[in-house]
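Here is the structure we will look at.
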Amino acid sequence: MNRPRPTPFVIVGAFLISLVAGTAVQAQTAAPELMQKLSRAGERFPQANIVFVEKRRDIRYEQDGTYVDRTHCLIKLLTEPAVQYFATLPVWEYYSYRSQAKVEFARVVKPDGTISDVPADLIADVPNPMYRRQNVNDETMRLKTVTFQNLRVGDAVEYLIEERCVKPVTSDFELKEGKYLQEDEPVAYVRIEINGPAGKPLKHMLRCAESLVVTSTSEQKDGRTSYIWEARDIPPFISEPGWNTRQHFAARLLASTIASWSELSRTGYRINQASMDEDDNLRAAVAGATRGLKTNEEKAASLVRFLRSNIGYKGLTSVSAYQGKPATQTLRERFGVCRDVAVLLCSMLRAAGIESYPAATGYGRVFDSEVPHDIFQHMIVAVPDGQRGYRLYDPTAILRSTDRLPGYAGEAPLLVFRPEGEDLVRIPHIAATENLGTIRAESRIGADGLLSSTVTIGGRGAYEEDLRNWCRRTKAEDYRKRWGDIVAQVNPAARVIEVSTSESSDLDTQFLVTIRYEAPGYAAPGSDALLIKTPLASDCFERVLTDIVARAKKPERKYPFILTTTVAAVQEETLLLPPGYSVESTPEPIALEGKDVSLNIRYIAASPAGEANASQLSFKKKLSIDSRQFDPANYVELRKVLEANSSSKNAQVRITPHPSDPRVY
């Protein structure tokens, strides 16, 4: 099932004209017009799970940035999975420190026209659990949920929500949520109206497929302008495997009164300037962390190391998505979210005499840059490099001390907050070689066919961060069990003997994982030739590329294939054959080069010192993906390489005994 999106900030709409005026009718039987809409919607889209019969959104913003947002949605449920999903529905996310939100009404419309209003005790207002999962315990991040009782296939759910922003962060209006015109299920009718003062015009941009017709009009009256978008019979967006294809390619609307990216840069600097404070405690911490260091780069790296090691990622309060709490408070409390720690790093760098600025980014985010708006969900720090560029530091990323940014940060949007303003740019490309995983194994097959192997896994950049975080976030017993599941892919009888890791909190050394395992009966030595596989050829010890391969299953694509990171992996194994055996033949080498993707595999038979026969086998493989986006044509090239990689897992080595060797039995 293409599940409907769970929150209405992707369900745009304002209620019918009578309801926008606040005159909701508490009838117990639906009007004939409403029943006709529901009937027609079900008939037009019989294969859907649900139909968004109407999505309306009516927003009125003022000169000072306050606004009233009224959102109405009418949805018909056509399948049992949809009924189960809609039983308790998250309908609105908001911040109580700046807004008031209420569910004006919620109800169920039965196929016979009977209307059942949802009672008040089944409409909840709770802290948003999504942020709790991110260790952000902020009571002001709220979520409205509605429980619809006794739903059945053929029912419709309907609700109207009003949010009043009474304390805006800035005077600018942005359509931050509710911008998607297209859903994972069909939309019979959608209408968005945004009304604002004529002296505060709205910049807007519509992105949609050529086949989707959206009418766009504007009306002026009484010193105000209304901007209106309408569309009918919008087909569902069929997501393709990859990273957020709907976020990147579904029909969407951007709207904002922000004058320019430079203006947003100045605003970000202004609201953070007061938080970049310092006191004796902060100055002492800076002096201790930079003692004996000469260059600004050395000092900056040491301060980043100090923050990564001493400041926990946790949030309690919100001021805004842009504004961090006072630096001295974060240092004293020893915790904060990204914006808090970025502000603290700026204050510490400035105390060390190093010019620095907070900067907003969004790893893996949509990059619609035509209309200035808030596309960010992360804050880092920019230090001028003296060459009209910046050295960028992410103080909350769990990286090695020498790494300034996560390996997956490449090509993300970047807006540096400066008093004079900056334009929106991209973080430079981070090559696959900077996100390189290394997997090395020393293995042997004994005379009894027992495979014994020691595998060591490490890496750099995004690869190392994945390994380190997986270890940090997994209980010890679960971690060992997971490795047991992995070695079972080499051979069903394989068992883990030992798993050891570097200290995951030690950011000064490379993080390494070492696995010792055995597989009884891996081979059956005797008088006949054997076909065996090198264990690493199974690819089971490789984590990051395996996920990418799993997403690249479709033979062809309509949309570009977008990845979270560039990445490469080198796998090398030395395998000692059973006593008395030597290599007779190996698989053909593979050398494929495409646009931003390559694969090289080779097997090398060797004779240990003093032996005449090739009783040792080396396996070497490197797979590299050096782009985060492949258009449909280049995706075909990527698929060819990945298919060759998958096929290589079945390649076998033929080994034969030495007839005169007394060890053969």
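No experiment lies behind these values; they were computed from the predicted model shown.
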Has Ser216 got a side-chain atom pairing as donor or acceptor with Trp229's backbone, closer than 3.5 angstrom? no
Can you name the closest pair of heavy atoms from Glu278 and Ala351 and give their distance? OE1-CB, 4.0 Å
Check each of Arg142, Lys144, Glu93 against Asn128 using the side chain to side chain contact (heavy atoms under 4.5 Å, CB included) test, and report the only one that passes. Glu93
Between Tyr390 and Ala382, the two heavy atoms sitting closest are CD2-CB, 3.6 Å
Measure the shortest side-chain to side-chain distance between Leu392 and Thr361 over non-hydrogen atoms and say whether it is less than 4.5 angstrom. no
On a heavy-atom basis, which atom in Gly421 and which in Ser262 lie closest, and how many Å separate them? CA-OG, 3.4 Å
Salt-bridge contact Glu162-Arg70 (side-chain N to carboxylate O under 4.0 Å): yes
Indicate yes or no for a side-chain donor-acceptor contact from Ser256 to the backbone of His373 under 3.5 Å, with no hydrogens or angles considered. no
Heavy-atom side-chain contact between Phe86 and Val108 under 4.5 Å: no
Steps toward side chain to side chain contact (heavy atoms under 4.5 Å, CB included) verdict (Met379, Thr396): CA-CA 9 Å; Met379 272 180 61; Thr396 57; over 6 Å; no
Over 60° means perpendicular and under 30° means parallel, so tell me whether His378 and Tyr363 are parallel, tilted or perpendicular. tilted
How far does CH2 of Trp92 sit from CD of Glu163, to the nearest 0.5 angstrom? 6.0 Å
Can you find a pair of side-chain heavy atoms, one from Thr565 and one from Ile430, that are under 4.5 Å apart? no
Within the structure provided, determine whether Leu206 and Leu181 are in side-chain contact (heavy-atom separation under 4.5 Å). yes
Is the Phe148 ring parallel, tilted or perpendicular to the Tyr159 ring (thresholds 30°, 60°)? tilted
Can you find a pair of side-chain heavy atoms, one from Glu411 and one from Gln629, that are under 4.5 Å apart? no
Can you tell me how the ring of His72 sits relative to the ring of Phe105, calling it parallel under 30°, perpendicular over 60° and tilted otherwise? tilted
Taking the side chain as every heavy atom from C-beta outward, state whether Ile50 and Tyr85 have any atom pair closer than 4.5 Å. no
Would you indicate whether the side-chain heavy atoms of Cys165 and Tyr95 approach each other to under 4.5 Å? no
Derivation of the side chain to side chain contact (heavy atoms under 4.5 Å, CB included) call for Thr328 and Asn281: CA-CA 8 Å; Thr328 52; Asn281 183 40; over 6 Å; no
What's the spacing between Thr330 OG1 and Leu345 CG if we round to 0.5 Å? 11.5 Å
Test side chain to side chain contact (heavy atoms under 4.5 Å, CB included) on Lys200 and Tyr61 and set out the steps. CA-CA 9 Å; Lys200 200 174 184 67; Tyr61 68 89; 4.3 Å; yes
I need the minimum non-hydrogen distance between Pro236 and Asp184, along with the two atoms involved. CB-O, 3.4 Å
Using only heavy-atom distances, determine whether the side chains of Tyr94 and Gln100 contain a donor-acceptor pair under 3.5 Å. no
Nearest heavy atoms of Ala30 and Val109, plus distance in Å: CB-CG1, 4.1 Å
Can you tell me if Asn272 uses its side chain to pair, donor with acceptor, with the backbone of Val343 under 3.5 Å? no
Ring-face cation contact, Tyr357 with Arg418, 6.0 Å cut, 45° max: yes
Euclidean distance, Leu264 CG relative to Thr170 OG1, rounded to 0.5 Å: 8.0 Å
Report the C-alpha separation of Ile228 and Arg191 in whole Å, then their side-chain angles, then the decisive distance to 0.1 Å, and conclude whether the side chain to side chain contact (heavy atoms under 4.5 Å, CB included) test is met. CA-CA 7 Å; Ile228 303 168; Arg191 184 181 190 274; 3.6 Å; yes
Donor-acceptor pair, side chain of Asp277 and main chain of Ala327, under 3.5 angstrom: yes
Looking at Asp394, is its backbone amide N or carbonyl O close enough to the side chain of Arg308 to form a donor-acceptor pair, meaning the two atoms are under 3.5 Å apart? yes
Under 3.5 Å, is there a donor-acceptor pair linking the side chains of Thr245 and Glu240? no
Keeping the roles fixed (side chain from Thr257, backbone from Phe173), state whether a donor-acceptor pair exists under 3.5 Å. yes
Determine, step by step, whether His248 and Tyr559 satisfy the ring pair (Phe, Tyr, Trp, His ring centres under 6.0 Å) criterion, reporting the C-alpha distance in whole Å, the side-chain angles of both residues, the deciding distance to 0.1 Å, and the verdict. CA-CA 9 Å; His248 287 79; Tyr559 305 106; over 10 Å; no
With sequence neighbours left out, the residues meeting side chain to side chain donor-acceptor pair (under 3.5 Å) with Arg350 are none
Atom pair CG/CG of Asp385 and Asn296 - distance to nearest 0.5 Å: 12.0 Å
Is there a side-chain contact between Gln323 and Val169 (heavy atoms, below 4.5 Å)? no
Using 0.5 Å steps for rounding, measure from the CG atom of Asp423 to the OG atom of Ser260. 7.5 Å
Are Arg252 and Asp368 ion-paired here, with the side-chain N under 4.0 Å from a carboxylate O? yes
Looking at Thr564, is its backbone amide N or carbonyl O close enough to the side chain of Arg628 to form a donor-acceptor pair, meaning the two atoms are under 3.5 Å apart? yes
I need the minimum non-hydrogen distance between Leu143 and Pro129, along with the two atoms involved. CD2-CD, 3.9 Å
Looking only at the side chains, is there a donor atom on one of Thr140 and Ser96 sitting less than 3.5 Å from an acceptor on the other? no
From CE (Met348) to CZ (Arg283), nearest 0.5 Å: 12.0 Å
Would you please classify the geometry between the Phe376 ring and the Trp261 ring as parallel, tilted or perpendicular, with 30° and 60° separating the classes? perpendicular
Going by the salt bridge (charged side-chain N to carboxylate O under 4.0 Å, His left out) test, name the single residue among Glu193, Glu62, Glu219 that passes it with Arg224. Glu62
